[in-house]
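These notes concern the structure reproduced below.
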Amino acid sequence: MLQLNFIREKRDYVIERLGVKHFKDAEQVIDEIIASDNKRRNTQTELDKIKSESNSLAKQIGIMYKQGEAAKAEELKKQTAVCKEREKELSEQLAECEAHVRELLLTVPNLPNENVPLGKSSEDNVVEVQKGEIPQLQEGAKPHWDICAEYDIVDFELGNKITGAGFPVYKRKGAKLQRALINFFLDEAEANGFTEVQPPLMVNENSAMATGQLPDKEGQMYSIPLDGYYMIPTAEVPVTNIFRDTIQKEKDLPLQYCAYSQCFRREAGSYGKDVRGLNRLHQFDKVEIVCIDTPEHSYEQLEKMKNHVAGLLEKLELPYRILRLCGGDMSFTSAITYDFEVWSAAQQRWLEVSSVSNFETYQSNRMKLRYKNSEGKTVLAHTLNGSALALPRIVAALLENHQTPTGVNIPKALQKYTGFDKID
RNA sequence: GGAAAGUUGGCAGAGUGGUCGAAUGCGGCGGUCUUGAAAACCGUUGAUCUUCACGGGUCCGGGGGUUCGAAUCCCUCACUUUCCGCCA
């Protein structure tokens, strides 16, 4: 959520930046927000005056009773009736204004950072780096879903029977590879200074609201209506919410956390070859990194997170590239996002395996995540997160890029985790 | 699932209808003392809205109610603890 004061002070800038994100009717919405807030302020000022009056009357009445001047007190009581009525009116009006402003604010996305490229779709994203050698595969190289079947390591049919599409069963060396990757990612994160946590896989409404999944992306999450919970689409939600409604000390920043979790996404609207095999699942495993930092240092921190992710891909010997997403392709809550993609040799295309973002104060404003700065002022912190990494497409890329006629080679860095060096 | 007791500032913990945003202790911060530190002593120390400012408003788990007046009484929801039941 954007900060009201910021919108008031930088109206034109806000509208211009929202244009980069292709937010419709920016001018109209922003002006309505400002107008509603003006009304809110006037109402509040008036209400405060009335309340101040009631308070002092009540005090006088109290004193009179104590001094045994009951008759005088009764007289004053009559006066309070008028105040009360007006108070009720005004506080209703105030609540209405507040609700309206909030409702509008929730529809406004985060502003893109100055470095965000202009553009509408994924074609306008900027390729920052490309690293690693694109492998030349042998004749008859297979896509990962065929490899999975050949070595019986991921069973999609079985998952269909038990649950439905997008819930595969990992078997044998496939299951071990999952465990190995999770441990590898967690160990690497820890070595880079991230503290491991294991969060709940379901969250309540407040948490989902704070990180931006609610109110409007409800259809993307699985919900448990009986208890009012949601299955997490990413560990970002529970881990960032650890810090909801807190005031941190500046000397404790940056906070750096990592968490393994399973993630659940409905993926409504997806179809076609994009969803084949491990490309898009309803349940998948991911190690997430989450950071809280000051506005002064958050972009440094973002670089650190990018380097961490790049290091993982290099150790897995996978060719990858880093994209800086354009305004039209970024998520609602992000100020800047870098996507990591690995080359899928058999599918002949790039697969997104990580997304690293700085949300600046957008999430922290929703969740009241603040810190005391060196001047002793309480200000909003910046939140950042990234996947490090999501498993399914990594598995797909490992299987495809490292396949040989006699089996799939496991990268050296991973061998001590898997306990085997080849899937055959 | 049943029963009971709780939820107060960073923490511990007073406060059961009136000047209580809240005693006290601990912790934090600043200072005195000290070569330095500790101890001791002194001072200071919640958040938030509004106002150029003075000031004013709100917040004692969340929401609602009673009352001229609520941390304090009532309703409701959530959570915590203990006992019983069930159980990996």
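Quick note on labels: first sequence line is chain A, next is B, and so on, each numbered from 1.
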Indicate whether the side chain of A/Gln363 and that of A/Glu236 have a donor and an acceptor atom separated by less than 3.5 Å. yes
Side-chain N,O (A/Lys372) to OP1/OP2 (B/A47) below 4.0 Å: yes
Any strand is fair game: report the nucleotide pairing with B/U35 by Watson-Crick or G-U wobble, both distances under 3.5 Å, or none. none
Taking the same atom, P, in B/A22 and in B/G46, what whole-Å distance lies between them? 10 Å
Starting at atom CZ of A/Arg244, determine the distance to atom P of B/G62, rounded to an integer number of angstrom. 14 Å
When you compare the side chains of A/Ser122 and A/Asn125, does any donor N or O come within less than 3.5 Å of an acceptor on the partner? no
Who is the Watson-Crick or G-U wobble partner of B/C86, with both distances under 3.5 Å? none
If only side-chain N and O atoms of A/Arg41 are considered, is one of them under 4.0 Å from the OP1 or OP2 phosphate oxygen of B/C49? no
Using atom P in both nucleotides, what's the gap between B/U58 and B/C20 to the nearest angstrom? 15 Å
Going by an N to O cut-off under 4.0 Å, is there a salt bridge joining A/Lys51 and A/Glu87? no
Rounded to whole angstroms, how far apart are CD on A/Gln248 and P on B/A47? 15 Å
A/Leu76 atom CG is separated from B/G18 atom P, nearest whole Å, by 19 Å
Taking the P atom in each of B/C26 and B/A39, what is the distance between them to the nearest angstrom? 12 Å
Pick the C1' atom in B/U72 and in B/G55, then give their distance to the nearest Å. 29 Å
If we take the C1' atom in both B/C54 and B/C59, what is their distance in whole Å? 23 Å
With RNA chain B as reference, determine whether A/Lys77 or A/Lys249 sits nearer its 5' end, using the nearest nucleotide of each. A/Lys249
Is the number of heavy atoms from other residues, nucleotides or ligands under 6.0 Å of A/Gln3 CD greater than 12? yes
Heavy-atom protein contacts under 4.0 Å, nucleotides 73-81 of chain B, coded B base, S sugar-phosphate only, - none: ---------
Calculate the interatomic distance between A/Lys251 atom NZ and B/C29 atom C1'; express it in whole Å. 12 Å
Could you check which of B/C68, B/A47, B/U50 has an atom nearest any side-chain atom of A/Thr80? B/C68
Answer yes or no: does atom NZ of A/Lys306 have more than 12 heavy-atom neighbours from other residues, nucleotides or ligands under 6.0 Å? yes
Would one find more than 12 heavy atoms of other residues, nucleotides or ligands at under 6.0 Å from atom NZ of A/Lys171? yes
When both distances are under 3.5 Å in a Watson-Crick or G-U wobble arrangement, the nucleotide paired with B/C52 is none
Say you pick atom C1' in B/C49 and the same atom in B/U67; how far apart are they, in whole Å? 26 Å
Pairwise P distance for B/G61 and B/U8, with rounding to whole Å: 7 Å
note: A/Leu4, atom CG; B/U50, atom C1'; distance rounded to Å ~ 13 Å
Kindly indicate whether a cation-pi arrangement holds for A/Lys217 with A/Phe332, taking the cut-offs as under 6.0 Å to the six-membered ring centre and within 45° of the axis. yes
Below 4.0 angstrom from OP1 or OP2 of B/U50, is there any side-chain N or O of A/Arg40? yes
Write down the distance between CZ (A/Arg102) and P (B/U48), rounded to a whole number of angstrom. 17 Å
Taking only Lys NZ, Arg NE, NH1 and NH2, and the carboxylate oxygens of Asp or Glu, determine whether A/Glu400 and A/Lys142 approach each other closer than 4.0 Å. no
Using a 4.0 Å heavy-atom cut-off across all strands, classify A/Lys368 as base, sugar-phosphate, or nothing. nothing
Base-pairing mate for B/U44 - Watson-Crick or G-U, with both contacts under 3.5 Å: B/G28
Can A/Phe194 and A/Phe185 be said to form a ring pair (Phe, Tyr, Trp, His ring centres under 6.0 Å), step by step? CA-CA 11 Å; A/Phe194 295 89; A/Phe185 291 148; over 10 Å; no
Within the pair A/Arg370 and B/U48, is there a side-chain N or O less than 4.0 Å away from OP1 or OP2? yes
Tell me which residues in residues 43-64 of chain A lie within less than 4.0 Å of RNA chain B, going by non-hydrogen atoms. A/Gln44, A/Thr45, A/Asp48, A/Lys51, A/Ser52, A/Asn55, A/Ala58, A/Ile61, A/Gly62, A/Ile63
Per the side-chain hydrogen bond (donor to acceptor under 3.5 Å, both in side chains) rule, which among A/Arg40, A/Glu32, A/Lys39 passes with A/His100? A/Glu32
Both distances under 3.5 Å, Watson-Crick or G-U wobble: report the partner of B/A5, or none. B/U80
Describe, in one word, how the ring planes of A/Phe167 and A/Tyr222 are oriented to each other, choosing from parallel (under 30°), tilted (30 to 60°) and perpendicular (over 60°). tilted
Atom CG of A/Asp245 and atom C1' of B/G46: how far apart are they, to the nearest Å? 15 Å
Between B/U7 and B/A12, how far is it from one C1' atom to the other, in whole Å? 15 Å
A/Leu90 has an atom CG; how far is it from atom P of B/U58, in whole Å? 14 Å
Is the Lys NZ or Arg CZ of A/Lys173 less than 6.0 Å from the centre of A/Tyr151's six-membered ring, within 45° of the axis? no
Which one is paired to B/U19, where only Watson-Crick or G-U wobble pairs with both distances under 3.5 angstrom count? none
